[in-house]
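All remarks here apply to the structure that follows.
This structure is a prediction, so every number in the text was calculated from the model and none was measured. Chain letters run A, B, ... following the sequence lines, proteins first and then strands; every chain starts at 1.
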Amino acid sequence: MSQGVTMPPMRPVDVAVRQETESQTHETVFDIQGLQAGYGSNVAIKGVDLEIYRNVITAVIGPSGCGKSTFIRCLNRMNDEVPSFRHEGTILYHGVDLYGDGVEPVEVRRRIGMVFQKANPFPKTIYDNVAWAPRVLGLKKDLDERVEKALQSAALWDEVKDRLKRSALSLSGGQQQRLCIARAIAIEPEVLLLDEPASALDPIATQRIEELMQSLKQDYTIVIVTHNMQQAARVADRTAFFSIDSDEDGRYGVLVEYDETPKIFTAPSDRRTEDYVTGRFG
Amino acid sequence: MSQGVTMPPMRPVDVAVRQETESQTHETVFDIQGLQAGYGSNVAIKGVDLEIYRNVITAVIGPSGCGKSTFIRCLNRMNDEVPSFRHEGTILYHGVDLYGDGVEPVEVRRRIGMVFQKANPFPKTIYDNVAWAPRVLGLKKDLDERVEKALQSAALWDEVKDRLKRSALSLSGGQQQRLCIARAIAIEPEVLLLDEPASALDPIATQRIEELMQSLKQDYTIVIVTHNMQQAARVADRTAFFSIDSDEDGRYGVLVEYDETPKIFTAPSDRRTEDYVTGRFG
Amino acid sequence: MNLQGDRRLRRRRIVNRLAEGSATVAALLAVLVLGIVVWSIAKRGAGELSWGFLTKDLPLFGQPGGGIAPLLVGSALLVGIATAIALPVAVLIAVFLEEFASPRVGAAIQLCVDLLNGLPSIIIGVFVFGLLVYGHPQNGWAGSVGLSIVMLPLVTRATQEVLRLVPTSQREGALALGASRWRTVLGITLPSAAGGILTGTVLAVARAVGETAPLLFATSIFGRTIEWNPGHALPNLPVQIFIWSESDLPEDHARAWASALVLLIFVLVTSLTARLVLARTRRRMG
Amino acid sequence: MLRSPFQEELDQLEASLQEEGALVLRVLRGALNALAQRDVELADDVIAFDDDVDRRYLQIEQGIEHLLALQTPVAIDLRLVLAILHTNLHLERMADYGVTVAKLTKLVADVEPDPLLLQSLEEMGERAEEMIRVALDAFANRDLEAAESLVELDELIDRSNRRFVDRVVEIVGEPGMREWALRMVVVSRTLERIGDHAVDIGEQVAYLLTAEFREFTDASHRG
Amino acid sequence: MLRSPFQEELDQLEASLQEEGALVLRVLRGALNALAQRDVELADDVIAFDDDVDRRYLQIEQGIEHLLALQTPVAIDLRLVLAILHTNLHLERMADYGVTVAKLTKLVADVEPDPLLLQSLEEMGERAEEMIRVALDAFANRDLEAAESLVELDELIDRSNRRFVDRVVEIVGEPGMREWALRMVVVSRTLERIGDHAVDIGEQVAYLLTAEFREFTDASHRG
Amino acid sequence: MSAVPMTQELRGGRRLRDRFGDRLLLIVTSAAGLGAVVLIGFIAYKVIRGAHLALSTFGLPFVWHTAWDTNKNVFGAAPGLYGTAVTSLIALLIATPLALGIALFLSELAPRSLRLVVGSLVETLAAIPSVVLGLWGILVLGPFLADHVEPWLHNSFGFLPIFSGTPQSSGIFVAGVILAIMVVPIVASVCRELFLSVPPELEEGALALGATRWEMVRGVVLSSSRPGIGAAVILGLGRALGEAIAVTQVIGAGWFIRSSLFAPGDTLASRIAGQYQGAVSKLQIASLFYLAAILLVIGLLTNLLAQIVVKRFAFQRTGGS
Ligand SMILES: Nc1ncnc2c1ncn2[C@@H]1O[C@H](COP(=O)(O)OP(=O)(O)OP(=O)(O)O)[C@@H](O)[C@H]1O
Ligand SMILES: Nc1ncnc2c1ncn2[C@@H]1O[C@H](COP(=O)(O)OP(=O)(O)OP(=O)(O)O)[C@@H](O)[C@H]1O
Ligand SMILES: [Mg+2]
Ligand SMILES: [Mg+2]
Ligand SMILES: O=P([O-])([O-])[O-]
């Protein structure tokens, strides 16, 4: 009977906010249980339990020295390079124990790429920087294409395509960092670990790296350590907050809270997280 | 006739927002006119006109390479140390031309202290770090008191008073930076120039430096260069935004906008400022 | 506002001037000494130099004329062999120290390398004598071994220095790409260091070619003709200059000056260019 | 240049706001039709439909909270966020007014209305709709002039409202009409308030564009 | 530990909000007294006084804008800023309602009021005042229970309002009272709205404390 | 991009080559490293072994005996030790202030363009072969000193025993000056590196406090590199102690202890070098080995000392506290 206007069942309102990562729909990439790690007799992190999901950007934040770098470097066994490094607990990578018998750190690192705080291009040409690892790993087929694709994924191709034979050191800081990302991508890893990738860059270069991360998220699982809380807020889907605790083992980092980023920055469950993100500390 | 309630003239509502610096009530410390500076034949900044006020925190922001450091280092003639440095225009410091005849850079620097991006404590004891400059300058009377006062002003006294004879290098990064501030304060300068004083520090140390700046504002005129826009927003009363321009002289920095900080961050007048602070660039 | 400073500041400025002046004078003095040395050698040696001097055999004792061709050949052989021995070993030691050694072991080996570096070369001479000459005739091999001991720590240190200039971050970068250790060392670290190793070697050669003491007991009694066989004592420039300088004969002095000039030119040219190249490399690598 | 995720979120939020505006218009039209036709069923639909508006409202609120917590907007971006926040509130309020009208409609559904008064309510309703549209368009187009024009439109509604009350005073004597008339006074005032809220949206547009907040007219000295 | 400048600004802002609340209470009391005593002068005072509230409102708004632009609050701080923002809006609206009452008072100042109705308006007014106080205290004390109790208080006002309208329907026949009665319907509704706004403030308190926004009751299904 | 990983592959397989390569490289390089240790030990062993005969004949008193008589077959090291000590001392006294001045000039004062040139020239001074410098010393420097400098010293300070005696163109004093010339560039270049390694931030920090350049140098550069300067001087000392050829050429050879610096003499090294052809008896050769052994011990000790100083220095710089 109502004429003029009818009220059709409304279509579900599509949400205007960041699409929440529904972790249940995302495969678990790393399953970390009871991780304790340290150097010599010092404990750097203790009792860390964490799952990292596929195609999700996970940020790790926390005060200096809380073991963020130690943690992320456990994930691709970079810490094996430190002679005094010790660890306990398990890190399952797609169900396989990363530190299990017979697991080759070299292979682990190929699958789990890493980018460091300070851009570290090799003193070679731009092309060779990207092509070196594929060559070493025997991925020599269609090398040019591979290089181009990696540079394109790293949003660097347009800027360097005319000077691939120039030294990588002639690039600006931000470009160098993107080159390092391209280099990591070129061997098709599954995960990208970034340890403060933008902390040495100015805001413009930082923004480009952040945009790049967003676009890489389609294909990679990304873990980023950052000092800059706003950066974590801007780019990450999930955020892990580490803090420093102490007992008879000395001072060490613990995982305080791990949740969707919006949750961490609007309504963290733990008081310490709240104190940290709001800037009230000890 | 109205009974029950009367409506007395309301007392002026005291403003709940940051007290705006009323520049007209603040004395001008630096009066910079037509400043152009560069290295060799390269121009780094051009046509900068600016007044810096007393007991006000002035922030300088802008993209990398826009000449922020060059600018701030003109203010205490630190650039004299760079052989290829050239400049034009005048910088009046309390009415005296800083680059005028007979002006001693050494004297200028005593009056205008500077703190750098990387904490640079001398490899001496904590005490000697602070006492060194007073000794050199012949301010040997009541040296202990002077050192204590400087450390106190730099909010470091409580943390180091029991280990004044320990090496300054044993301090943490944030403490070292505060020590450098104490060192600068110990010779009672009139102005403090800070070139990205917190960019190498973690959030907690950064916050302490920012709090320190707030308390130093009572006694000093502070100019801070920062990459971190939010830092400028948090601490500065006035903000100068430099941007990069280019013409036949090459690429150089120009002063785009200079205003109260809230103005810069809520309603900048210049489109370039708005694009920069909101993160839309190039 | 007085920015011109007070009396005190004026005094401080005078002290400053004085100190700066003395340092400058010291530097000038060093340059002056070098100039005098080079100039006096050039002045006295240039007259004797000729094509014949470079190509003839050594003079008969007490006779005029003659040349230094055997010395040039012998020195070249000695240094060439020494380089062939020292270079690979030195690079390997440096790689071990910089890439593999644990801090303890590294410190011990580093100490040995430093001690070798500080070892008086006469001791090396005595050692080589005791090891390879005593009871045998003098021979070129022994001389080369002596020189190689001189060169070893030099090349090692130079190599270490450039290896250190290769940032850890680059090794980490390579490892993080899934490259193995040896790939990283051969593919990233050593190539970056190659230039530096080369210049370091050249510097070591320049040093070795003038070394006298290690040769003194090993290859100082030689004939006056060109000798190609390192099994025999090899004529060489430094020992011959030493002998001539101890002589009382003016013509021997003249020969000594001329030979010294030849040696000096070689040493200065090689070491100066190597140093310039090295300075450039260093600046480039940060 | 690529739009950053932040820009996209902001755009989405604004689009969502416009959609909310469309929903509000539907609520209001529904309420007005129900009133004119004494259609209780439609009135119920309107009341139920408001839940959708509320949901949208909450989503926008939450979107704003996330944006503020995660993206630290400043300058024009911050003003946009704040303008969206306020507009969102106003729109939600308008929808509530639509519900109020629908509820009042239900209360007097069995009374034969006064056709003249009804006519003037319909006119006020149309004016209110017009104002909502103008306000939303002014927002979308960043049109300061359009936003400022809302003040005049509001004048018209205010005047209608005053006339309406005068007319009601005349007819309220008729016993059959008493309750109807009293309810309609509230409806009229409600429509007038919708106009006020539209003006407030206009003020937000002006704030967004000029960075200065000023009330177009002093609300407390209005109607 | 030292309070950071940011914390201080936030505290100041909250204090300012409480002061605004006190001002609103004064406006409301003034309006109710003017109504009861038909005191046109007092009504004018109330109307003028609203400007002070508006100024305070604008200052808080601006303070919030600065805080958001300069201090990037997150988590509890952000919620506090947003709660202040919303509460500020509600308080300003309440003051406007006070003005509305004052204006209506002036329109019917020459009519002898119905004492019973007047009495019940006074009661509603007191309830509204009570609710404002509860809401402000709940905010100040971060008292979730008190905030939730506002729903029940609001029920009472709503009921009074309904009864009031029924009563008005009865007396509106008297010609002398017609206009007065019509105006008073609006006053009653206005007081009821003040209650609603107090509930909304309570919701903000709950949001601040629980980090979850939920409406205590669905506004559109209210009164 | 690759799908879910095949867990097998994480466990290597095709990486045999990598593992073998890593092993091989490690073995080869560590063997070389070990070689350095063995070499030092072997040198010490060989030298002491060679001195065996003299050791058993003379024992420790060899060190303070002064004779060197090939006919009677009695040998002692004292004059050589004395000569070594005095020539080295003279060298350091002259060289240290000069070297510091040069290093400061090169690292702090000279304009950038001049730094490279002057720096290279100073290092070139170090590159001059000692035999060439010795030649110059005996034929140019010696006569010059004997004609101009020594008479002046004698006339002004002749009341001091060390400046008594007649000026000569070869002798301890000339040897000391030649050694100084050899040591200056070494100490200067180590000190320059040291000064350059003082972070520019520190220097800027001092200047920003209103210090003059010299105050900055004294307060920051010199003070923070003091132990390093010590180590550099010790390194120079090591060079002076062990230098054989140039000293042999200019010292004039004389196995005795004279108070005058103008007198000829010998150092340990110059005696070894000087006797390279004339050694007649096994005992004489063994005695020369004995001298070498003493020199080796002194050399090792100074080097070790320098190492220790440097260690402490590094510790202080990084602020271990
Ligand atoms: N290679 C190492 N050897 C010994 N200790 C180490 C090493 N690396 C880190 N540590 C110690 O482990 C702890 C954690 O360090 P880590 O670098 O992981 O912290 P972080 O959170 O990354 O700090 P930052 O934010 O400063 O990078 C610190 O106490 C640090 O001193
Ligand atoms: N000592 C110098 N010699 C030559 N050019 C210089 C020197 N210092 C700076 N420049 C040049 O001057 C310009 C401005 O540099 P400046 O360091 O002042 O910029 P900035 O804004 O401080 O940058 P950043 O944010 O990276 O610190 C740049 O192009 C830079 O390359
Ligand atoms: Mg780290
Ligand atoms: Mg800078
Ligand atoms: O519901 P209001 O906006 O009129 O208070």
Side-chain angles (χ1 to χ4, degrees), chain B residues 72-73 75-84 104-126 128-139 163 165-171 176 179-180 183-189 192-195 200, chain F residues 104-119 191 193-232 309-321:
Chain B
I72 201 175
R73 290 165 66 97
L75 299 186
N76 72 340
R77 297 195 57 173
M78 265 323 269
N79 271 333
D80 288 23
E81 300 303 314
V82 180
S84 63
E104 281 290 340
V106 168
E107 183 63 22
V108 169
R109 293 187 203 128
R110 196 200 69 63
R111 290 165 180 274
I112 304 173
M114 186 158 196
V115 173
F116 301 84
Q117 171 167 10
K118 212 168 144 277
N120 55 358
F122 302 135
K124 301 174 187 284
T125 64
I126 294 170
D128 283 343
N129 258 277
V130 183
W132 184 75
R135 275 204 202 106
V136 162
L137 298 172
L139 308 168
R163 45 172 178 162
K165 295 291 167 210
R166 298 263 295 276
S167 165
L169 302 176
S170 68
L171 297 175
Q176 290 190 2
L179 180 64
C180 292
R183 194 172 69 180
I185 290 174
I187 48 172
E188 295 169 10
L192 276 181
L193 308 177
L194 309 165
D195 193 353
Chain F
L104 283 181
F105 178 78
L106 290 178
S107 61
E108 308 291 335
L109 301 178
R112 202 156 291 278
S113 51
L114 222 55
R115 278 183 198 191
L116 190 61
V117 177
V118 177
C191 287
E193 292 301 315
L194 224 53
F195 297 162
L196 284 179
S197 76
V198 172
E201 299 98 64
L202 282 189
E203 303 182 9
E204 277 197 329
L207 292 176
L209 288 170
T212 64
R213 192 157 276 280
W214 166 243
E215 287 158 353
M216 178 273 282
V217 164
R218 213 176 43 134
V220 176
V221 177
L222 286 183
S223 86
S224 77
S225 19
R226 206 175 296 134
I229 295 170
V309 173
V310 166
K311 273 265 165 55
R312 256 202 24 225
F313 170 58
F315 181 72
Q316 187 189 335
R317 270 233 173 141
T318 53
S321 77

query: By a 4.5 Å heavy-atom criterion (distance strictly below it), what part of B/Arg135 contacts chain F: side chain, backbone, both, or neither?
result: neither
- request: Give, for atom CD of F/Glu201 and atom CZ of B/Phe122, the distance between the pair rounded to the nearest 0.5 Å.
  value: 11.5 Å
message: Can you give me the closest heavy-atom contact between F/Gly205 and B/Arg183, atom names plus distance?
response: CA-NH2, 3.9 Å
- request: Determine whether F/Val198 and B/Pro123 make a side-chain contact, defined as any pair of heavy atoms from C-beta on separated by less than 4.5 Å.
  value: no
message: Are more than 12 heavy atoms, taken from residues, nucleotides or ligands other than F/Arg218, located less than 6.0 Å from that residue's CZ atom?
response: no
message: Please rank B/Arg163, B/Met114, B/Lys124 by heavy-atom pairs under 4.5 Å with chain F and give me the top one.
response: B/Lys124
- line: Residues F/Leu207 and B/Arg109: closest non-hydrogen pair is O-CD, 3.1 Å
Separation between CD of F/Glu215 and CH2 of B/Trp132, rounded to the nearest 0.5 Å: 6.5 Å
With B/Val106 via side-chain contact (heavy atoms from CB on, under 4.5 Å) - residues at least two apart: C/Leu9, C/Arg12, F/Thr212
- line: Closest non-hydrogen atoms of F/Glu204 and B/Arg73, given as atom of the first, atom of the second and distance, are OE2-NH2, 2.5 Å
message: Could you report the tightest heavy-atom contact between F/Gly210 and B/Leu137, atom names first, then the distance?
response: O-CD2, 3.6 Å
- request: Measure B/Leu193 against the heavy atoms of chain F and call it side chain, backbone, both or neither at under 4.5 Å.
  value: neither
message: Among residues at least two apart in sequence or on other chains, which ones pass side-chain contact (heavy atoms from CB on, under 4.5 Å) with B/Ala133?
response: B/Ile187, F/Leu209
Side chains of F/Arg112 and B/Pro83 in contact at under 4.5 Å (non-hydrogen atoms): no
message: Given heavy-atom pairs under 4.5 angstrom as the criterion, report whether the side chain, backbone, both or neither of B/Pro121 touches chain F.
response: backbone
task: Could you tell me whether B/Glu81 and F/Arg213 make a salt bridge, using a distance below 4.0 angstrom between a side-chain N and a carboxylate O?
output: yes
message: Can you tell me which portion of B/Phe116 sits under 4.5 Å from chain F's heavy atoms? Options are side chain, backbone, both or neither.
response: side chain
